[in-house]
Amino acid sequence: MKSILEQLSHRVRGAIALIGVEGDPQIQASQDEKFGDYQSNAAMGLAKKLGRKPREVAEAIVEKLDIDDLCEKPEIAGPGFINFRLKPKFLAKALQSIPLADDLDTDRAGLLPAENAQVVAVDLSSPNLAKEMHVGHLRSTVIGDCVARVLEFQGHTVHRENHVGDWGTQFGMLVAHLRRIRPEIIDRPDTLEIADLESFYVEAKARFDADEKFKEESRETVVALQRGDATTRRIWQAFCNESLRHCHAIYDRLGVRLIDRGESFYNDLMNEVVRRLEKLRDSGESAAVRDSEGALCIFLDGFTTREGEPLPLMVRKSDGGFNYATSDLATIVHRVEVLKATRIVYVVGLAQKQHFEMLFAAARKIGWVGPEVRLEHLGFGNMLSKAGTPFKTREGGTVKLKDLLDEAVARARRVVEEVEPDEARVQRSFTPQQMDNIAETVGLAAVKYFDLSHSMTSDYRFDLDTMLAMEGNTAPYMLYAYARIRSIGRKAGVDFRALPADAPVILEHASEIALAKKILQFADAVEVVGRELKPNVLTDYLYDLAKAFSRFYDKRLGVRVIDASPEAVRFSRLRLCDSTARVLRLGLRLLGISTIEQM
RNA sequence: GCGCUCGUAGCUCAGUUGGAUAGAGCACCGGUUUCCUAAACCGGGGGUCGCAGGUUCGAAUCCCGCCGGGCGCACCA
């Protein structure tokens, strides 16, 4: 079934065409309930085009509108808004048409895949293997994973590209150090274990700074690595594998899966990139490609240096070495030519905005990317401390991502344990294993949800107290809402997978109607996230849904469910519960958050 | 100096690309439990949307100029 927004848009677009113009129906959900459920803002804009009064145009549109099956007669209000109020019967039918879920892990909650499936590359996480993952990698990993999940769910083929830093001068130092202190790994590379990558790096760096001979050795190692020296590469590979094991311990924990494609993967391609550019330069095919101060560059309009000089994208340094523009161009070539991607998303901090603007402009200027390919930089703001300062340890060092997650989980455990026993409530006692699972799920969910619930562009303050609060737009609230609904199903003794498909949905009470509308808006939220890459649209929607459910289930203003009668009504309400739970579960899944049945 | 970005309730943040009386959570004040998880729900107070202009039926949103915070401005990625 198509979303309500799509259906209304389609109808209104048709009506607009019937009055002899073309125009965007401009349908949106109404802000205030007294204006109905949806509104069209099209008439005001069209009035100018037609030289008629806005309200007249609105009336003309309404007259041509065939929409009785969806809503009550549309009302015209204000300067020319057209307000739509959906019929409960239509909502009931729409809910009923959602197929039952036989497997919650693959449930689509009635949503259809996109019609125009494409191949999408999402560049995410991308830590440097020289060190351990730190908090700076959280946002890219979590946001990228969410975006990938949503696009994949919509039916696109998604390549999750982990562009790890496994190349460059610092690896000469690390390999040289490793060869000195662990010579045995040359023969047994798979036995390498480094418990603390961070201090390993610090050791190597200290030796590098203090020992001239070692410094020289490190440089030679880089050369050997680039030359493809077998022994050097073995050690390097062993180090990278060990570092990747650390990364994947975190990815596994976060439920993030991706493809590791390090800088080294692009080595040949970077040479190819430069060869192609040299050809463009030499043939004079593109005046934008030329040498400057010994470096191979692509010159672009609109970018200047501090001194006001033209700022080019530098693709090969004057010493012949490559830089990140080289490898990023190589990623574009790989993703367009090999992966056949028509949409490429880079989930990288906002600080690099200019770099990506230049990169994209360059790729288009030299014709490597045509108009059929969409290039996007999904930039995000910084994660700050609770006080709004840069996120650092007390000593001013970087905080390891693992430590941050551990703390969140430990705090989550305390929050769950500290719940005051309430005699009126059924006591739930959890086994240690259950408790571990709850703490882990809630802790990680809190961190992810908090991150994703902010708009991408702004900085946010990492505050465990806020993200672990049971109230407000937080993971614990969402998980609790889900667990509560699941417990209703258990208590009622209903297996939703075994329901007769034709069991009617009956919407009479205001809270039932409101909940039904909210459930059916899920498709619109997912659509926006897929199009605009804004996960916070989804968190906001899920929060609204959870609130709508709480009202529906409320003692005073809601309805009875488990003990409702007659049977048909009880059934219908249980089905509303189930639909809500499925949407919550799926929505959270798209955010990369797993649910728990009890908490 | 140029560019990007942010500035919205006491605090933390939304605001669907120009729509109706600017929203939510926390905090504060008040109310709701013989009844399905009160980890909930309902109500209330609280705003010159940084400042000043402009565009138009209509601006937190778009344009111009200021103020303030953050970031970036070719051989680190």
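Side-chain atoms are counted along with the backbone in the values below, which use heavy atoms only and exclude waters and symmetry mates. Reminder, nothing fancy here: chain letters follow the sequence lines and each chain counts from 1.
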Pick base, sugar-phosphate or nothing for [X], based on heavy-atom distances below 4.0 Å to the nucleic acid.
X      : answer
A/A47  : nothing
A/D544 : nothing
A/F322 : sugar-phosphate
A/R560 : base
A/V561 : base
A/S30  : nothing
A/V529 : nothing
A/E293 : base
A/N83  : base
A/N41  : base
A/S550 : sugar-phosphate
A/L557 : sugar-phosphate

Just compare [options] and give me whichever is closest to any side-chain atom of [X].
X      : options             : value
A/T457 : B/C73, B/C6, B/G70  : B/C6
A/M314 : B/C75, B/G19, B/C13 : B/C75
A/Q26  : B/G19, B/A40, B/U17 : B/G19

Please report, rounded to the nearest Å, how far the [atom2] atom of [N] is from the [atom1] atom of [X].
X      : N     : atom1 : atom2 : result
A/D32  : B/G19 : CG    : P     : 16 Å
A/F356 : B/G72 : CZ    : P     : 15 Å
A/Y541 : B/G25 : OH    : C1'   : 20 Å
A/H454 : B/C26 : NE2   : C1'   : 12 Å
A/F430 : B/A39 : CZ    : C1'   : 12 Å
A/D319 : B/C76 : CG    : P     : 8 Å

Any cation-pi pair here, A/R290 with A/F299, using under 6.0 Å and within 45°?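 Judged by the rule (NZ or CZ under 6.0 Å from the ring centre, within 45° of its axis), A/R290 counts as positioned above A/F299.
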Is it true that A/E59 and A/R55 have a side-chain N and a carboxylate O under 4.0 angstrom from each other?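 So A/E59 does not pair with A/R55 through a salt bridge.
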Would A/R551 and A/E512 pass as an ion pair if we require N to O under 4.0 Å? no
**Asked** Would you call the rings of A/Y460 and A/H454 parallel, tilted or perpendicular if under 30° counts as parallel and over 60° as perpendicular?
**Response** parallel
If pairing means Watson-Crick or G-U wobble with both distances under 3.5 Å, then the partner of B/G3 is B/C71
#### Entry: salt bridge (Lys or Arg N to Asp or Glu O under 4.0 Å) assessment of A/R411 paired with A/D465
CA-CA 9 Å; A/R411 290 280 289 276; A/D465 293 323; 2.6 Å; yes
Where each residue is assigned the nucleotide of RNA chain B containing its nearest heavy atom, which of A/G45 and A/R316 is assigned the position nearer the 5′ end?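 Closer to the 5' end of RNA chain B: A/G45.
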Taking for A/A546 and for A/S453 the nucleotide of RNA chain B with the nearest heavy atom, the one nearer the 5' end belongs to A/S453
Distance test, side-chain N/O of [X] to OP1/OP2 of [N], below 4.0 Å:
X      : N     : result
A/Q39  : B/G19 : no
A/R556 : B/G31 : no
A/K555 : B/A38 : yes
A/K48  : B/C57 : yes
A/K353 : B/C71 : no
A/R551 : B/C42 : yes
A/S455 : B/A14 : yes
A/S458 : B/U12 : no
A/N128 : B/C76 : no

Distance check, [atom1] atoms only: [N] and [M], in whole angstrom units.
N     : M     : atom1 : result
B/C6  : B/U61 : C1'   : 14 Å
B/A24 : B/G45 : P     : 12 Å
B/G10 : B/C51 : P     : 13 Å
B/G50 : B/A14 : P     : 14 Å
B/G25 : B/U8  : C1'   : 15 Å
B/G3  : B/G44 : P     : 47 Å
B/U37 : B/G18 : P     : 47 Å
B/C41 : B/G69 : P     : 40 Å

- Compare the ring of A/F303 with the six-membered ring in the base of B/C73 and state whether they stack (centres under 5.5 Å, planes under 30°). no
Check for me: is A/Y543 stacked on B/A24 by the 5.5 Å centroid and 30° plane-angle rule? no
Exercise. Got a sec: does the CD of A/E75 have more than 12 other heavy atoms crowding it under 6.0 Å?
Worked result: no
**Q.** A/F35 side chain reached by A/F81 side chain, heavy atoms, under 4.5 Å
**A.** no
Q) Any side-chain heavy-atom pair from A/V273 and A/Y266 closer than 4.5 angstrom? A) no
Per the under-4.0 Å heavy-atom filter, residues of residues 467-479 of chain A near RNA chain B come out as A/M470, A/E471, A/G472, A/Y477
State the [atom1]-[atom2] distance between [X] and [Y], to the nearest 0.5 angstrom.
X      : Y      : atom1 : atom2 : answer
A/D563 : A/K491 : CG    : NZ    : 10.5 Å
A/Y324 : A/L359 : OH    : CG    : 9.5 Å
A/E597 : A/N437 : CD    : CG    : 10.5 Å

Taking atom types as they are modelled, would you say the side chain of A/Y480 forms a donor-acceptor pair with the base of B/A39 within the 3.5 Å cutoff?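 No, the side chain and the base share no sub-3.5 Å donor-acceptor pair.
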Under 3.5 Å side-chain donor-acceptor pair for A/S3 and A/D524:
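A/S3 vs A/D524: donor-acceptor pair found between side chains.
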Under a 90° cut-off about 0 for the syn range, is B/U8 syn or anti?
->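 What B/U8 shows is an anti base, its glycosidic angle lying more than 90° from 0.
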